[in-house]
Structures are given as structure tokens and as C-alpha cells.
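These numbers come from the heavy atoms of this one structure, side chains and all, not from hydrogens, waters or symmetry mates. In each ligand, atom 1 is the first atom listed, and ligand 1 is the first ligand listed.
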Amino acid sequence: MHISIDISQVLSFLPEESLELIRPKIEKAWGTLLSGTGAGSDFLGWVRLPSQTNPEVLTRIQEHAARIREIADVFVVIGIGGSYLGSRAVIEALSTSFPALIRKDKTPVVLFAGENLSEDYHADILQVLDKYSCAVAIISKSGTTTEPAVAFRLIKQKLERKYGRKGSCERIIAITDASRGALKEIADTEGYESYVIPDDIGGRYSLLTPVGLLPVAVAGLDIEKLIDGAAEMERVACKSPDFNLNPATLYAAVRNLLYQEGKQIEIMVTYQPNLVMLTEWWKQLYGESEGKEGKGIFPAGVTFTADLHSMGQFIQEGTRNLFETVLSVDRSNQELLVPNDPEDNDGLNFLTGKSLSEVNHRAETGTRLAHVAGGVPNIRISIPCLDAYHLGQLLYFYEFACGVSGYTLGVNPFDQPGVEAYKRKMFELLGKPGF
Ligand code: PA5
């Protein structure tokens, strides 16, 4: 296990002995999660998913992805919430920063649709589909969510005009519920190749099912390593609730303690722009799991050092209801040293020979010291590098910690009743029958 968590810059913000005081509550929440005796226990299929993933499923996905890579320059993933955030997070974290310009092998550019209702955005997607060979995955557990359904209607018609109904059938993949929903019916009628989202896995915990794995495999990334990493973290997280052995229970404990001290906003901090979507995935996971019954920590995100020049002022000196959780990556995948300049007109020769990574880490340490001094507790989670194996560990770590944290808070971490409210109002305004 390679993920580590450092809480040394939190303890001075907590009453003495508080970690010991919350320990029984965390152990109870951990036991509730593993025994399946808590609220939402019908949705615990993700807990043992990594270790129980059938290698044949991975082979099927990899072979299918290879076929898509042969026929498509562009792969469009249609979905919203848990049906797209995870795959987008992994693809952006592990791919080149400029996939449209630095293309590896025959990797299609992966685009996302149906996660918004913007007319301009979707008109642009349709233009792309006119120009490039393409394939599409429509992903929706319920099979009835409006945003992806609208995008799919548009994109399906575009593909059918371009490739014919039979031709487009080979380019469309449906990932949905085993038996319910409009998407299931369309997929059966049209004969799309389909994957099932298990009944006992909710949207935001579905990243390691075909929901996330197929797009990630199409992007040319190693889904076996992703699952291996997650399985390693599953082994650790499920073995013992002891804070010294289990980073997930420690994270759950500390964030609940900070919440009790009035820290109502958690800011996930990264120093890598390719982790912006990972932050978005984490925001959904924690926001939807914990924000209910008038309770919960509001999950926010920043990317430093960019946001030190926008949000840094507030974090340093604004309302003191924040804490930060820094996700730190120890090693870069590529090396870039600051070159010497004999003229030194920019005064930067003091950095000559240093890697950008070293400069970035100094920025991280300096910011941490400044923010802690300014009254912002700081949790630090670190991973050795950004590869599929360690990312798999991290994803499972966040999922497991979320389950324990939600039960500790006293909510059902596996439902999202509040998401329905806006839909009812929107349908009413749009004149949907029955609303
Ligand atoms: O976590 C969840 O369950 C939700 O955020 C869903 O992922 C989201 O609402 C999309 O739902 P569906 O996959 O049914 O289209």
C-alpha cells in the first residue's frame, strides 16, 4: 500500500484526545459498512468489487476497446454525474495534457456529452462527428436521465445519417441497468452491444464497473492495473479500522472531527492541472453522499498554484470555516529542469538545475505553512506517482473513506434524494406529461 496520509497539521486545531474519542464511532461505522447493516446497504456492491472483478470482464472490455480504437478517431462518452465523472477523472489524470495534439498510437480523442444542456456545446460536438470517424458510449444507470437522453437522441440521429442504422449500431455502446429504463429498451431494440451496471452499485461508486472501465480502456489506459491498485486498497481498508493501519478510516475520522469544530468546507487541493476532474469526481462522491438532512461538509476544489492567484487570498484570510486536503504527487512522470541563462535578466538563476517538480513541491510546502498559520487545518494525502495502479488505490481509498465518513456523520451515504427536486421543477416548466 503506497498512499499515505499526514494529519500533523490538523492536530493543533482539535481538542486533545479527540482522535481517541471518535475512534469507537469510526470503528462502528467501519463495521456497519462491512457487515452491510446500515442505511443504503443495498448499494454496497462496490466494496468488494476490485477483488471480485472477473478477469473475463476485463478481457471483454479490452477487446471491445481495441475494436473501437481501430474504427474511431473520436469517442464520445454520454453521461452525467457518476456516469461520466470517474472515467473523465482517470483519463485526464493519466493521459497527456493535450490529447488532441499529442496522440499516442491510435488513441481516439475522448469527448464528453450529455453532462450539460448547452446548445452551443452540443452543436460543436455534432460538428466534430461530421468531420471525424467516431464511436459513442451512452451511459445511464436509470436509463431515463434527461441530459444524456437528449444528447443521445441528437448524436444517435447524427450517426445514423452518417453510417446508416446498421453501421451506427456497431459504433454505439449502451451501459445501463440490467432490466429497467428507456435506454435498456432502446439498446435491445437496436441491438447495441451493452454492459450492465450492477443493481447494487450506485452511480457515484460505479467507476470500477464498465461505466468507467470501457472509456478508460478506449483511452488506451491500463484497466487491469487500475483494478489491481483498488484491490490492494480494498485489502487494507477492509482489514482493520485501526487508524495506524487504515488511511481511509483516519481520513474519515479527521474530517468528521474538523466538522465538529465548525470547519464546514473542505477544499481539495491539487498541484497538477490534470487532476481537476479527479477533484470534480471527489466533489460528487462526498457532496452527494454526505450533504443531506441539513448536515455535511461542503466539498470544494482548487488547483494550485493557479488558484493561489484567485482563491489564495480567501483561504489565507477569509472566513475561518475551511480546511484543506492536499493531494500531493511525489514524482512526476517526465523530467523538466530549469535551464541556466548566462544573462539572468529574469533573475531566475537561483533555480537553475532544479526540476519543476521540486519548485512545485516547495510551493506546496510553503503554502501549507502559510495556510496553517492563517488558521486553515491541512490534511495531506500523498501518492508516489500518477499511474493506473496508484490511482486505483486512491479511488478506492476515497470511496471507502466516504462510506465510513457518511455513517459516522449519521446519514445514508448511498442515496441522493435531493437530486430529484430540480428535475421536478424543470419538467413542470418544460411541460413533461405528468408534471
Ligand atoms: O450518484 C448518482 O447516483 C448520480 O449522481 C447519478 O450518477 C447521476 O444522476 C446520473 O444518473 P444515471 O446514471 O441514472 O443517468
**Q** Return the residue, atom name and 0.1 Å-rounded distance of the protein heavy atom closest to atom 3 (O) of ligand 1.
**A** Gly203 N, 3.4 Å
**Q** Provide the full list of side-chain hydrogen bond (donor to acceptor under 3.5 Å, both in side chains) pairs with a residue in residues 21-30, sequence neighbours left out, each pair given once.
**A** Glu20-Arg23
**Q** Using the side chain to side chain donor-acceptor pair (under 3.5 Å) definition, which of the options Ser4, Ser8, Ser328 pairs with Arg380?
**A** Ser328
**Q** Which residue and non-hydrogen atom of the protein lie closest to atom 2 (C) of ligand 1, and at what distance in Å?
**A** Glu288 OE1, 3.4 Å
**Q** Cut-off 3.5 Å, side chains only: do Thr107 and Arg69 have a donor facing an acceptor?
**A** yes
**Q** What atoms of ligand 1 come closer than 4.0 angstrom to any heavy atom of Arg204?
**A** 1 (O), 2 (C)
**Q** Relative to the heavy atoms of Gln416, which atoms of ligand 1 are at a distance of less than 4.0 Å?
**A** 3 (O)
**Q** State the atoms of ligand 1, each with its element, that fall below the 4.0 Å cut-off from a heavy-atom position in Gln284.
**A** 1 (O), 2 (C), 4 (C), 5 (O), 7 (O)
**Q** Salt bridge between Glu324 and Arg368, side-chain N to carboxylate O under 4.0 Å?
**A** no
**Q** May I ask whether atom 5 (O) of ligand 1 is less than 4.0 Å from at least one protein heavy atom?
**A** yes
**Q** Considering Ile80, Ile197, Ile139, which one's heavy-atom position lies nearest to atom 8 (C) of ligand 1?
**A** Ile80
**Q** Just checking Phe397 against Tyr251, ring centres under 6.0 Å apart?
**A** yes
**Q** Just by distance, with hydrogens left out, do Ser206 and Thr209 show a side-chain donor and acceptor under 3.5 Å apart?
**A** no
**Q** Where is the nearest protein heavy atom to atom 7 (O) of ligand 1: which residue, which atom, and how far?
**A** Gly82 N, 2.8 Å
**Q** Which pairs, with at least one residue in residues 188-234 and sequence neighbours excluded, count as a ring-ring contact (aromatic ring centres under 6.0 Å, His included)?
**A** Trp46-Tyr205, His64-Tyr195, Tyr205-Phe414
**Q** Considering the heavy atoms of Ser142, write down every atom of ligand 1 situated less than 4.0 Å from one of them.
**A** 12 (P), 14 (O), 15 (O)
**Q** For Thr145, counting its heavy atoms only, list the atoms of ligand 1 lying under 4.0 Å from any of them.
**A** 11 (O), 12 (P), 14 (O), 15 (O)
